[in-house]
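Below you'll find the structure, written out as structure tokens, and then a few comments.
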Amino acid sequence: MTFVIRGLAAAGALAAFGLPALAQTEVKIGYALAPDSHYGVAAAKLEEVVLQETGDQFTFTHFPSSGLGGEREVIEGLQLGTIEATIVSSGTLANFVPETGVFDIPFLFRDLDHARAVLDGPIGEEILGQFDSVGLHGLAWGEQGFRHITNNRNAIHTPDDVQGLKIRTMENPVHLAAFNDMGAAPTPMAWPEVISSLQQGVIDGQENPLSVIVSVKLDEVQDYLTLSGHVYSPAMLLVSKPFWEGLDDDQKATFETAATEAVAAMRGYVDNVETTGVETLKERGMEINELSAEEKAAFQESIAGAYEGYYETYGKDRVDAIVNFE
Ligand code: PAF
């Protein structure tokens, strides 16, 4: 508040002397989901904290619901400096920083606490730091929750139930390898095409966390939900490197604080939807089943071949370090 008043007073003083007001920096922030999703909540918190701390130095323009295109296009916009900020899934991040793919390995994390501890710890920090070498700056790891399978063909209990299932995956080689190994027919696709492809029957299903299934109302186009929790879905708050380099040290510190608060808001949203989401989707008419520990183990076994590939790509030591992280 103090900063806002100070900012207004400064602007008034400039106007009184006939001087132009100081230029504000526009932050265009794009994300794939609606304002009332976990991404929208985080983007609003980022803006709130930055404005509180800096007065009138920045203005935010939000482009929710893929308003600036798919996640890959938005990240490329950040690299070009035409978009300042985004919140994205790990869907295409491995195309920019290949090491990121290690977090996309199925059955890697025990639970949300385990995933958050790894992302906030030294391994997460090290990978976040690598974005500076590709025209981006990673502010913080966020999250979506554990991904589950929805489809229109049948309930899923065993790997047999996914044979030939036309399932949309993110444009992510780690996920693609797992669904191929399971015997499904995975189709990598950018998010903006998914709903119409489900409506037209081009694909039978898709996989996403409850945060997405509930906020996008996937129940309107999908009959079955299998709580498979086959993979954790990290997200990232990213800014463009040219934008980041144009900030002074105080402004950088403010964006870092704001990102930490945005992540807390996002995780709070995920915690809430993880406890209420299933009931909401049942009320909306979805047929829901949860994989038992034995059923999950059968899926894990079905992707043993893909795991060999993950060890080769990311190193067994690194994968083990994540699995055993306390
Ligand atoms: O499935 C995806 O592509 C992502 O999870 C989504 C829905 C775009 C959110 O980042």
Side-chain angles (χ1 to χ4, degrees), residues 29-43 46 62-78 83 85-96 100-101 103-104 106 112 115 119 138-151 166-176 178-179 184 186-198 202-222 225-226 228-238 262-263 265-267 269-270 273-274 277 281:
I29 180 162
Y31 39 96
L33 302 166
D36 64 355
S37 68
H38 49 303
Y39 286 0
V41 163
L46 187 81
H62 293 249
F63 296 88
S65 306
S66 306
L68 293 173
E71 292 189 327
R72 182 197 271 263
E73 281 168 274
V74 172
I75 298 172
E76 285 166 355
L78 261 67
I83 302 170
T86 187
I87 301 172
V88 284
S89 68
S90 61
T92 68
L93 286 179
N95 297 304
F96 297 88
T100 312
F103 297 136
D104 292 307
L112 288 177
L119 292 174
L139 280 176
W141 285 103
E143 79 179 3
Q144 306 209 78
F146 280 88
R147 298 178 84 89
H148 306 294
I149 302 173
T150 66
N151 84 99
K166 285 182 272 164
I167 184 163
R168 175 265 177 178
T169 66
M170 298 197 289
E171 297 164 291
N172 180 311
V174 177
H175 291 191
L176 197 55
F179 280 99
T187 307
M189 190 183 278
W191 176 250
E193 295 162 42
V194 173
I195 304 294
S196 60
S197 301
L198 287 170
V202 176
I203 45 174
D204 302 312
Q206 64 85 54
E207 46 84 62
N208 251 301
L210 287 169
S211 55
V212 176
I213 300 169
V214 172
S215 66
V216 175
K217 298 193 172 64
L218 275 169
D219 47 278
E220 290 177 0
V221 286
Q222 295 277 262
L225 164 61
T226 300
S228 49
H230 53 281
V231 66
Y232 174 75
S233 198
M236 190 179 278
L237 270 73
L238 269 175
V263 168
M266 195 182 320
R267 288 177 177 171
Y269 184 108
V270 169
V273 80
E274 291 283 324
L281 294 167

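We count ligands from 1, going down the list as the structure has it; atoms in each ligand are counted the same way. We're numbering straight along the sequence, starting at 1.
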Any protein N or O within less than 3.5 Å of an N or O in ligand 1? List each pair with its distance, or say none.
residue  : atom   : partner : partner atom : Å
ligand 1 : 1 (O)  : R147    : NH2          : 3.0
ligand 1 : 1 (O)  : R168    : NH1          : 2.7
ligand 1 : 1 (O)  : N208    : OD1          : 3.3
ligand 1 : 1 (O)  : N208    : ND2          : 2.9
ligand 1 : 3 (O)  : R168    : NH1          : 3.4
ligand 1 : 3 (O)  : R168    : NH2          : 2.8
ligand 1 : 5 (O)  : Q144    : NE2          : 2.9
ligand 1 : 5 (O)  : R147    : NH1          : 3.3
ligand 1 : 5 (O)  : N208    : OD1          : 2.7
ligand 1 : 10 (O) : Y39     : OH           : 2.7
ligand 1 : 10 (O) : E71     : OE2          : 2.7

Expected output: side-chain T86 to main-chain G30 donor-acceptor under 3.5 Å: yes
D104, N95, T100, T92 screened by side-chain hydrogen bond (donor to acceptor under 3.5 Å, both in side chains) with N172, the one that passes: D104
Expected output: side-chain H230 to main-chain R147 donor-acceptor under 3.5 Å: yes
Contacts of T150 that satisfy side chain to side chain contact (heavy atoms under 4.5 Å, CB included) - sequence neighbours left out: Q206, I213, Q222, L225, M286
S197: partners by side chain to side chain contact (heavy atoms under 4.5 Å, CB included), with sequence neighbours left out: M189, E193, V202, I203
Residues forming a side chain to side chain contact (heavy atoms under 4.5 Å, CB included) with V41, sequence neighbours excluded: A265, Y269
